[in-house]
Chemist: 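Right, I'll just put the structure down here and ask away after.
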Amino acid sequence: MKPCAANRFKPAIISAFQFFVVFCWLAAAPVYAGIFDGTFGASGKVRVEFPFPPTNDYSSSGYRVFIQPSGRIVGIGFHRATGSKGATWSGVAMVGLTQTGALDEGFSGGKVLNWDSGSNIGLNDAQMLPDGRLLYLSLYNSIIGVPILNFYRVNTDGSTDTSFAPNVRINTSRTYPGRFAVQADGKIIVLVFTGETSNRFYLIRLLPDGSRDPGFGSGGVKEIIRLNNLSKPSVSFVRALPNGKTLIGGSLGDSTNIQEHDELFLLRVDSDGNADHSFGGLGAARLRLGGLKMSAADLAVQPDGRYLILGSIKNPDSDVLMARFTSRGKTDGSFGNAGNVITDFTINGEDSGARLALLSNGKIIVVGRASLSAGAPWNFLLARHASNGLPEVQTQTAFTNEQNSGASDVIIQPDGKILVFGFTRNPNPEINGNIFAFARYMGITND
């Protein structure tokens with residue numbers, strides 16, 4: 001959809017001394033259709049349910065999607081269902097699909113569920129290794145006892161690799177999961193924190209077999225002092241850079257809501273885990289926009305070394321935010337307006353960004369959730385922005401009529417098709433919950 005014409009720019013609500021442009025979309029104009037891939041599922045859409053009879057209280061929501069070297073599509077996400085004592089317990093759900101969207105029987109029958117009837121099994125981050133195996137970071141929390149941080153490796157067929165049992169816990173009573181990244185040499189950087197008087201963050205570096213790297217920090221562990229000195233950091237992503245450095249980013253400041261932090265931040269550490277003082281201020285770059293509340297969701301490292309953050313901002317409704325920094329941690333003035341782009345896809349509605357993908361021509365794909373009008377149900381949001389951040393076209397996909405749907409991840413397939421993953425409300429009104437939802441597009445256009 002084209003930016004507003006007569007009302008082309010909506011100023012951000014900030015102090016009189018600052019001004020940021022918000023690109024809005026005409027609510028009365030039609031949303032341009034995504035070009036669905038008719039060879040995938042039912043007219044480009046696939047729904048996957050993890051039923052839990054006899055209860056009708058169960059729900060699943062997609063988190064990350066990957067494509068194995070074989071072409072198999074693997075989605076991983078959250079699952080909850082009623083278990084012992086009538087309580088609701090969380091777990092991890094995975095599904096394997098063929099390129100046509102059918103359940104892939106070679107992936108442990110198509111569906112895999114890591115769920116316990118009396119414990120919560122969390123999902124904090126997931127990545128795919130080059131050979132198609134998956135890693136995911138999880139916190140196991142039973143009714144009694146101390147929460148246990150676990151790190152799983154999943155074989156390409158969906159089975160758990162029991163030979164992989166790394167120690168990602170700090171020698172305190174409680175260690176909590178953050179995010180992780182896989183380096184080009186196969187080593188794994190895991191960010192964790194301890195729930196002490198104030199959270200203390202640590203990096204743990206593992207060798208590819210899961211053992212701790214003795215050449216990193218003290219026995220494979222390094223406290224990240226620079227991160228601990230920031231104002232109440234909430235980490236959204238960790239990225240391994242080609243030069244052996246690590247990028248950590250997210251939001252700063254008190255928040256009673258996941259979207260309502262004061263700043264975005266990036267911290268870069270060298271291969272030894274020390275703050276890289278050639279980046280930003282003493283290793284950290286920070287972004288504050290006139291007191292507006294915001295949050296970070298994803299980060300893309302561009303081929304030219306610039307860092308692109310996606311998130312959401314309250315203005316006063318929720319809009320999609322992108323910000324770009326140079327490789328030295330400076331705001332990139334060539335991007336949007338002074339390095340920032342705020343896009344309001346629904347006037348007076350709630351829009352949010354979840355994940356980024358970069359096209360080979362430098363253009364940017366954004367997914368998340370938005371609605372066609374204020375108060376309407378959320379839909380899958382799929383938008384394309386120019387390489388300088390300016391919005392070009394968007395489409396919204398509803399899965400379940402008059403019910404919420406949302407996108408959490410996107411991947412550009414080798415054939416150029418756009419695969420989007422998330423959730424939709426279970427179309428069975430008797431079931432109290434959501435199900436996995438996939439959509440595959442040939443593209444989006446404003447023609």
Side-chain angles (χ1 to χ4, degrees), residues 122 124-127 129 133 135-141 145-153 161-252 265-286 299 301 329:
N124 285 77
D125 201 5
Q127 304 289 335
L129 296 169
R133 290 180 295 175
L135 296 170
Y136 71 89
L137 196 59
S138 175
L139 187 68
Y140 177 87
N141 198 351
V146 175
I148 300 172
L149 180 57
N150 291 318
F151 200 22
Y152 295 93
R153 188 165 67 194
D161 182 355
T162 56
S163 70
F164 185 77
N167 178 9
V168 288
R169 301 164 200 159
I170 304 300
N171 189 26
T172 67
S173 60
R174 296 174 186 269
T175 305
Y176 297 95
R179 301 290 190 266
F180 72 92
V182 181
Q183 298 182 167
D185 60 4
K187 294 180 181 179
I188 306 164
I189 287 284
V190 184
L191 180 78
V192 301
F193 64 94
T194 56
E196 300 162 1
T197 304
S198 60
N199 292 335
R200 307 297 292 177
F201 287 86
Y202 300 82
L203 283 180
I204 300 174
R205 192 161 73 193
L206 305 174
L207 300 175
D209 64 2
S211 61
R212 288 187 176 179
D213 182 356
F216 181 78
S218 177
V221 179
K222 176 78 173 182
E223 185 173 1
I224 309 303
I225 302 297
R226 185 69 177 96
L227 182 57
N228 293 337
N229 288 338
L230 294 177
S231 174
K232 300 182 180 179
S234 175
V235 175
S236 300
F237 43 78
V238 173
R239 297 288 184 270
L241 301 176
N243 56 9
K245 297 180 181 182
T246 301
L247 200 63
I248 302 166
S251 313
L252 297 175
F265 81 93
L266 290 175
L267 172 67
R268 195 166 72 189
V269 299
D270 61 24
S271 58
D272 294 321
N274 300 309
D276 178 4
H277 288 188
S278 69
F279 181 79
L282 301 177
R286 301 167 68 166
L299 173 116
V301 179

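None of these values were measured; they are calculated from a predicted model.
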Chemist: Any side-chain to backbone donor/acceptor pair from Arg179 onto Gly249? Under 3.5 Å, distance only.
Modeler: no
Chemist: Can you name the closest pair of heavy atoms from Ile189 and Gln183 and give their distance?
Modeler: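 Ile189 and Gln183 have their closest heavy atoms at CG1-OE1, 3.5 Å.
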Chemist: Please tell me if the side chains of Val238 and Phe180 come closer than 4.5 Å, counting only heavy atoms from C-beta onward.
Modeler: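 A side-chain contact is absent here, since even the closest heavy-atom pair is not under 4.5 Å.
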Chemist: Check whether any side-chain heavy atom of Leu129 lies under 4.5 Å from a side-chain heavy atom of Arg153, and answer yes or no.
Modeler: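 They are in contact (side-chain heavy atoms under 4.5 Å apart), so the answer is yes.
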Chemist: Quick one: pull up CZ in Phe201 and CD1 in Ile225 and give me the separation to the nearest 0.5 Å.
Modeler: 12.5 Å
Chemist: Has Asp272 got a side-chain atom pairing as donor or acceptor with Asn274's backbone, closer than 3.5 angstrom?
Modeler: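 Checked: no pair found.
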Chemist: Considering non-hydrogen atoms only, spot the tightest contact between Arg174 and Pro147 and give its length.
Modeler: NH1-CD, 2.9 Å
Chemist: Does the side chain of Arg268 reach to within under 4.5 Å of the side chain of Leu241, using non-hydrogen atoms?
Modeler: yes
Chemist: Side chains of Phe216 and Leu203: closer than 4.5 Å at any heavy-atom pair?
Modeler: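 Result yes, sub-4.5 Å side-chain heavy-atom pair found.
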Chemist: Less than 4.5 Å apart, side chain to side chain, heavy atoms only: is that true for Asn199 and Tyr176?
Modeler: no
Chemist: Closest approach of Tyr136 and Phe151, non-hydrogen atoms and distance?
Modeler: O-CD1, 3.3 Å
Chemist: At their closest point, which heavy atom of Val192 faces which heavy atom of Val168, and how far apart are they?
Modeler: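 Of all heavy-atom pairs spanning Val192 and Val168, the closest is CG1-O, 3.7 Å.
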Chemist: Taking all non-hydrogen atoms of both residues into account, name the closest pair between Gly122 and Ser138 and its distance.
Modeler: O-OG, 2.5 Å
Chemist: Looking at every non-hydrogen atom in both residues, tell me the closest pair between Pro166 and Gly210 and how far apart they are.
Modeler: CB-O, 3.1 Å
Chemist: Are side-chain heavy atoms of Leu135 and Asp125 found at a separation under 4.5 Å?
Modeler: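 With C-beta onward as the side chain, the pair stays apart.
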Chemist: Under the 3.5 angstrom rule, does the side chain of Arg169 hit a backbone N or O of Leu149 as a donor-acceptor pair?
Modeler: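 Side chain of Arg169 to backbone of Leu149, a donor-acceptor pair under 3.5 Å: yes, one is there.
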Chemist: Can you tell me if Thr246 uses its side chain to pair, donor with acceptor, with the backbone of Ala240 under 3.5 Å?
Modeler: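 Answer holds: no.
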Chemist: Can you find a pair of side-chain heavy atoms, one from Arg200 and one from Ile170, that are under 4.5 Å apart?
Modeler: no
Chemist: Do side-chain atoms of Asp270 reach the backbone of Asp276 as a donor and acceptor pair under 3.5 angstrom?
Modeler: no
Chemist: Measuring from Ile148:CD1 to Leu139:CG, what's the distance to the nearest 0.5 Å?
Modeler: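 Here the rounded value is 9.0 Å.
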Chemist: May I ask you to decide if Leu282's main-chain N or O and Arg226's side chain share a donor-acceptor pair within less than 3.5 Å?
Modeler: yes
Chemist: Looking at Phe193, Phe265, Tyr202, which hits side-chain contact (heavy atoms from CB on, under 4.5 Å) with Leu227?
Modeler: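 Testing Leu227 for a side-chain contact (heavy atoms from CB on, under 4.5 Å) against Phe193, Phe265, Tyr202 leaves exactly one candidate, Phe265.
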Chemist: Going by heavy atoms in the side chains, are Ser271 and Lys187 under 4.5 Å from each other?
Modeler: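 No, every pair of side-chain atoms sits at 4.5 Å or beyond.
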